[in-house]
Novice: 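Just dropping this structure here.
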Protein chains: 2
Amino acid sequence: MSGIADVARQAGVSKSTASRALSGSGYVSDETRDRVTRAAEMLGYVPSTNAQSLSTGRTQNIGVVMPYVNRWFFAEVLEGIQAALLERGLDLTLYDAKPGSDTRERIFESFLTRKRFDGLIAVGLEPEENELDSMLALGKPVVNVVGNHERTSVVTLDDPLTARRATEHLIELGHRRIAFLGAGSRTRWPHVESSRLDGYMQSMADAGLADEATHTESELTLPAGYDAAVELLSDTRTRPTAIVAACDEVAIGAIIAARRLGLHVPAALSVIGIDDHEFAEMFALTTFRQVPREQGAAAVELLMRQIQDPTLAPVIQRLKPRLVVRSSTGPLRSDRAAADATV
Amino acid sequence: MSGIADVARQAGVSKSTASRALSGSGYVSDETRDRVTRAAEMLGYVPSTNAQSLSTGRTQNIGVVMPYVNRWFFAEVLEGIQAALLERGLDLTLYDAKPGSDTRERIFESFLTRKRFDGLIAVGLEPEENELDSMLALGKPVVNVVGNHERTSVVTLDDPLTARRATEHLIELGHRRIAFLGAGSRTRWPHVESSRLDGYMQSMADAGLADEATHTESELTLPAGYDAAVELLSDTRTRPTAIVAACDEVAIGAIIAARRLGLHVPAALSVIGIDDHEFAEMFALTTFRQVPREQGAAAVELLMRQIQDPTLAPVIQRLKPRLVVRSSTGPLRSDRAAADATV
DNA sequence: TTGAAAGCGATACCAC
DNA sequence: GTGGTATCGCTTTCAA
């Protein structure tokens, strides 16, 4: 556990010179630098980041706050962030702020205030006003992934656009009875869910299908999507011919439900999702792809810029999705044909 | 951003007294403590953890190394660790060490050596010898979740036992053609996979079914399980009547595959898993439950003890699973009955 | 180009 | 009980 003093002694220079040589800032002759570098290597010198932080005010660490890590989107974003940070030699401190939990409060009230980071990335938090306030009050750059406001930089999928295009895809296939599956009244992601629902509604209205528009509530998970779809599809009289799911997990839940009910996808039911989840391929799900991993990387990029220049104005990056056609959607068939289709 | 000096001044005491009062260690009169506490509150004082660390050598931070965060088991363990740490007021620094990646190397070579933590939890890493060496060389307590060795404390499911009991469950139901799905030759978790396979083998042998024993390789993911199962089940001549899956994701993949192939579960095929994955309920999967979240908490507990007393000998906690019977397993039926079963 | 010395913000030993 | 002071390990003026 040798410190910079040891390195300096070994190299026959002063601490200051050693520091300059190693950190690469300030004037040092090439020869001296060599000597110091060698000495450091010889001694297996590793700088104490604590001491560095104390002295420079920089922690070389980024805080990440998210409500879940055990969900596809979050885990992927997290991996994206992690990779981008490791590349830059930065540490990642994780805060798991479950909505409504008392620990969430503690995270905002006490953990974050310790400011052991140079910047903060909030993922899918859709923070309450006061939470946003306390993050901003830290005086450190903040970037949000998912969401919609002007006070911090944001990286997010263009939700209304995506939902609109998903709906249009089904309309173009001839469907009219198109249901939306996913937004709830007690929703976890008000912005995401409501803006996707809005996109759907608008698209339906534009096509003169406002009367057909209907949505069934479901949490954004596979089992919830399954349950909600069973409910939605059970009534043969009101059964839709196509579903716009708020996300892939819900879509896949719906596909599984359809299979259980003996409804062939897509002959009897078309399903489209949003995400391109890791299971999408397996269920042949047609969907709009977003790549959360890249969103994580983008957030890091944005954050780095803000750390370098804290006066930078907040930026909002609204990502466009790409349609991935698989075989969970197909043209509307006559009722007879659909009914005849085997599972 | 007031420091302890400000608090001291405000309270009319010395820095040392203020420190004692706030940290709760050492003698301070009740009245003084009150005054200091109030002053701190008034000024919104938050101690600089950096300064604290530098001075005490304690970071109040725990490092967590894992190869994935986007998989059920890992995400759950991570959440368990996080919750346990937050409870204790500790930060969590995450290192995502993908197997075989160059960043993995960098994590061990440089990130970990910065020692910005008081202890390390390695999850499902099954570290190479040299990786284990470098973790131990840090001189900080290390706890492994998953794995099997004597050099660090370990929290792990009793894998051979679990696989044995899963196999026995099927044998008791009358099955003889029981296949194992999941272990591979180029396996990611040599210990886990091979010891589960061993448990299966042993159980088959004990029941005089050694000749029937067979295993099909599959990565431990849902899509991989699906593909492997399609392969395994397609040949009607060699098709097993029951499957022991190396984990639930593989088991669920197998169930989905069976459905696609028109095989009723459990009439034509019984499937048992290990995990009690979040999707297990939805697929009515009979499985042996392990609770990764608790394993994370247990690891933290163990680590805390080692931090308090570094001389403690490594402990190995081998967890027993609990059978959760749902309806993916059933008694062996005659071929006729099975063939007649509808999907 | 280099070195001496003053912080950074806490803790902890040792007198009083 | 309380206060002065050295200390943790590094960076960063400021002189030389």
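Quick note: numbers below take in every heavy atom, side chains included, and nothing from hydrogens, waters or symmetry partners. Lettering of chains follows the sequences in order, A, B, ..., and the numbering in each one begins at 1.
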Novice: Rounded to whole angstroms, how far apart are CD on Gln60(B) and P on dT11(C)?
Specialist: 11 Å

Novice: Which listed nucleotide (dG9(D), dA12(C), dG3(D)) is nearest to the side chain of Arg20(B)?
Specialist: dG3(D)

Novice: Is it true that Asn50(B) and Ser48(B) share a donor-acceptor pair across their side chains at a distance under 3.5 Å?
Specialist: no

Novice: Please pick, from dA10(C), dT2(D), dC10(D), the nucleotide with the shortest atom-to-atom distance to any side-chain atom of Gln52(A).
Specialist: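 It is dC10(D).
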
Novice: Could you check whether Ser48(A) gets within reach of a base, just the sugar-phosphate, or nothing at all, counting any heavy atom under 4.0 Å?
Specialist: sugar-phosphate

Novice: Counting only distance, no hydrogens or angles, is the base of dG1(D) paired donor-acceptor with the side chain of Arg33(B) under 3.5 Å?
Specialist: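 Counting by modelled atom types and ignoring angles, no donor-acceptor contact under 3.5 Å is found here.
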
Novice: Using a strict 4.0 Å threshold on nitrogen-to-oxygen distance, state whether Glu126(B) and Arg188(B) make a salt bridge.
Specialist: no

Novice: Nearest to the Thr17(B) side chain among dT2(C), dT2(D), dG9(C), which nucleotide is it?
Specialist: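 Minimum distance to the Thr17(B) side chain belongs to dT2(D).
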
Novice: Judged by each residue's nearest nucleotide on DNA chain D, which is more toward the 5′ side, Arg35(B) or Thr56(A)?
Specialist: Arg35(B)

Novice: Whole-Å distance between dA10(C) C1' and Asp6(B) CG?
Specialist: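 These atoms are roughly 13 Å apart.
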
Novice: Please state how far atom CG in Leu22(B) lies from atom C1' in dG9(C), giving the value in whole angstrom units.
Specialist: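 Atom CG in Leu22(B) sits about 13 Å away from atom C1' in dG9(C).
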
Novice: Taking only side-chain nitrogens and oxygens of Tyr45(A), does any of them come within less than 4.0 Å of OP1 or OP2 of dC10(D)?
Specialist: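 For Tyr45(A), the contact criterion (side-chain N or O under 4.0 Å from OP1 or OP2 of dC10(D)) is met.
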
Novice: Under 4.0 Å from OP1 or OP2 of dT2(D): is there any side-chain N or O of Ser29(B) that close?
Specialist: yes

Novice: Distance check needed: dG9(D) P versus Arg116(B) CZ, whole Å only.
Specialist: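 To the nearest whole Å, that distance equals 16 Å.
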
Novice: NA contact type, Thr32(B), heavy-atom cut-off 4.0 Å: base, sugar-phosphate, or nothing?
Specialist: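 Contact class for Thr32(B): sugar-phosphate only.
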
Novice: For dG3(C), take OP1 and OP2 only and decide whether either is under 4.0 Å from a side-chain N or O of Ser14(A).
Specialist: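 Answer yes for this pair, as a side-chain N or O of Ser14(A) is under 4.0 Å from OP1 or OP2.
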
Novice: Which nucleotide sits closest to the side chain of Ser55(A): dT2(D), dG9(C), dG7(C)?
Specialist: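 Comparing dT2(D), dG9(C), dG7(C) against the side chain of Ser55(A), the answer is dG7(C).
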
Novice: Using atom NZ of Lys15(B) as one end and atom C1' of dT11(C) as the other, report the distance to the nearest whole Å.
Specialist: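 Atom-to-atom, Lys15(B) to dT11(C), this comes out as 9 Å.
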
Novice: Strictly below 4.0 Å, N to O, side chains only: are Asp96(B) and Arg104(B) in salt-bridge contact?
Specialist: no

Novice: Record whether the side chain of Ser16(B) comes under 3.5 Å of the base of dG4(D) through a donor-acceptor pair of N or O atoms.
Specialist: yes

Novice: Send over the distance from Tyr27(A) OH to dG3(C) P, rounded to a whole Å.
Specialist: 17 Å

Novice: Rounded to whole Å, how long is the line connecting atom CG of Asn50(A) with atom P of dC10(D)?
Specialist: 10 Å

Novice: What's the closest nucleotide to the Val28(B) side chain, out of dG9(D), dT2(C), dT2(D)?
Specialist: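 Closest nucleotide to the Val28(B) side chain: dT2(D).
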
Novice: Give a yes-or-no answer on whether the side chains of Thr152(B) and Asn144(B) include a donor-acceptor pair shorter than 3.5 Å.
Specialist: yes

Novice: Hey, is the side chain of Ser19(B) poking within less than 4.0 Å of OP1 or OP2 on dT11(C), counting only N and O atoms?
Specialist: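 Ser19(B) to dT11(C) OP1/OP2: side-chain N or O found under 4.0 Å.
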
Novice: Any side-chain to backbone donor/acceptor pair from Thr32(B) onto Val28(B)? Under 3.5 Å, distance only.
Specialist: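 Answer holds: no.
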
Novice: Whole Å only: how far is the CG atom of Leu54(A) from the P atom of dG9(C)?
Specialist: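 After rounding, the reported distance stands at 7 Å.
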
Novice: Assess Arg71(B) against Phe74(B): is NZ or CZ under 6.0 Å from the centre of the six-membered ring, and within 45 degrees of the ring's axis?
Specialist: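 So Arg71(B) doesn't make the cation-pi contact.
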
